[in-house]
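First the structure, in the form of structure tokens, and then the observations on it.
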Amino acid sequence: DGTGVAYSDTIHISVFDPTAIYQANFLKNIYVNMEHSYIGDIEIRLICPNNQSVVLKEYPGALGTHLGEPVDPPVAPVPLNPGVGYDYIFPTSPAIYNTMVNESGKYQHNYTDVLGNNYLNEFYLPAGEYTSFQNINTQLAGCPLNGNCIIRVTDNVSIDNGYIFRWG
């Protein structure tokens, strides 16, 4: 949780020819397993080894929609317990769903969080494939395949929380 605070994680890749660069559809997809209580305040970005990047989920957008099953009771302070993450996938080919912002406010579910709080008719994004805000193939064209790939999720507004459990 934070105002402009970014969470970053790095995967180092060193299995390709040293001169290999990204070309269209080299990747099948980028995925992240996460939960967050307020998708409207986050940006999700992938940064390749030469600092080119692609925005997967833009900020601002998608007010009042959860990712996964966060711990988000209606009374502050919000406990900083991890909830249940869902797999959100950004393919390089057409996705099942439109962008996360365009899909927000369409789906509702009921769940009980890991602390036993019950939620009814909460807006959320189902697990699945979403269209990236920026085109992955265009934005990453020419990136070196070897080096550090970074995922960066920036939380731009306080009074919420989220967790990334894995990505690739």
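- You'll find the side chain of V5 stays beyond 4.5 Å of the side chain of T154, heavy atoms only.
- When all heavy atoms of A62 and I39 are compared, the pair lying nearest together is O-CG2, 2.9 Å.
- Distance alone, capped at 3.5 Å, is enough to place a donor-acceptor pair between the Y119 side chain and the D72 backbone.
- Side-chain contact between L145 and Y22 is present, with heavy atoms from C-beta onward closer than 4.5 Å.
- Neither L140 nor F133 shares a network with the other; the hydrophobic side chains, linked directly or stepwise wherever heavy atoms of I, L, V, M, F, W or Y lie under 4.5 Å apart, form separate groups for each.
- Separation of atoms CG (N137) and OG (S132) is listed at 10.0 Å; rounding is to 0.5 Å.
- Residues R152 and D9 are not paired through a salt bridge, judged by the lack of any N-O separation under 4.0 Å between the basic side chain and the carboxylate.
- Judged purely by distance below 3.5 Å, without hydrogens or angles, the side chains of N118 and N110 never pair a donor atom with an acceptor atom.
- Taking a 6.0 Å sphere around CD of Q23, one finds it holds 12 or fewer heavy atoms contributed by other residues, nucleotides or ligands.
- Using a 4.5 Å heavy-atom threshold, the side chains of F90 and Y31 count as separate.
- V157 and D41 make their closest contact through O-OD2, 2.8 Å (heavy atoms, listed as atom of the first residue, atom of the second, distance).
- In this structure, cysteines C143 and C48 have SG atoms closer than 2.5 angstrom.
- Residues Y86 and Y88 come closest through the heavy atom pair O-CD1, 3.3 Å.
- How far CZ of F165 is from CE of M34: 9.0 Å, rounded to the nearest 0.5 Å.
- Atom-to-atom distance recorded for S93:OG and E129:CD is 6.5 Å, nearest 0.5 angstrom.
- A continuous path of Ile, Leu, Val, Met, Phe, Trp and Tyr side chains, each step under 4.5 Å between heavy atoms, connects Y7 with I44, placing both in one hydrophobic cluster.
- Contact of the N156 side chain with the P60 side chain is not registered, since no non-hydrogen atoms from C-beta on lie closer than 4.5 Å.
- Between F16 and F26, a ring centre-to-centre spacing shorter than 6.0 Å is recorded.
- To the nearest 0.5 Å, atoms CG (L27) and CD1 (I136) are separated by 7.0 Å.
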Test side-chain contact (heavy atoms from CB on, under 4.5 Å) on I13 and C149 and set out the steps. CA-CA 8 Å; I13 301 170; C149 291; 3.8 Å; yes
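- A donor-acceptor contact shorter than 3.5 Å links the side chain of H36 to the backbone of Y38.
- Atoms CG and OG, from L125 and S104 in turn, are 6.5 Å apart once rounded to the nearest 0.5 Å.
- Formation of a donor-acceptor pair under 3.5 Å by the Q134 side chain with backbone atoms of V55 is found in this model.
- Here the straight-line distance linking atom CD1 of I42 with atom OG of S37 works out to 9.5 Å at 0.5 Å rounding.
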Going through the distances and angles, do V101 and K57 end up as a side-chain contact (heavy atoms from CB on, under 4.5 Å)? CA-CA 8 Å; V101 170; K57 191 278 172 190; 4.0 Å; yes
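- Between the side chains of N33 and D87, at least one donor-acceptor pair of N or O atoms lies under 3.5 Å.
- Shortest non-hydrogen contact noted between P70 and G68 is CD-O, 3.4 Å.
- Side chain of N117 to main chain of T112: no donor-acceptor pair is present (N/O by atom type, distance under 3.5 Å, no hydrogens or angles).
- In this structure, the side chains of T65 and K106 stay at 4.5 Å or more apart for every pair of heavy atoms.
- Here the side chains of I89 and I30 are not in contact, with every heavy-atom distance at 4.5 Å or above.
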Between H109 and N121, does a side-chain contact (heavy atoms from CB on, under 4.5 Å) hold up when you go through it step by step? CA-CA 5 Å; H109 69 160; N121 301 315; over 6 Å; no
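- The shortest distance between side-chain heavy atoms of V84 and V114 falls below 4.5 Å.
- Defined by atom type and a distance below 3.5 Å, a donor-acceptor pair is missing between the side-chain atoms of T131 and N98.
- For the pair T99 (side chain) and N102 (backbone), a donor-acceptor distance under 3.5 Å is present.
- The closest side-chain heavy-atom distance from I150 to R45 is not below 4.5 Å.
- The cluster map of Ile, Leu, Val, Met, Phe, Trp and Tyr, joined by side-chain heavy atoms under 4.5 Å apart, puts Y124 and Y111 in different clusters.
- Although no hydrogens or angles enter the test, the distance criterion places no donor-acceptor pair under 3.5 Å between the side chain of Q52 and the main chain of I47.
- Less than 6.0 angstrom separates the ring centroid of Y107 from the ring centroid of Y97.
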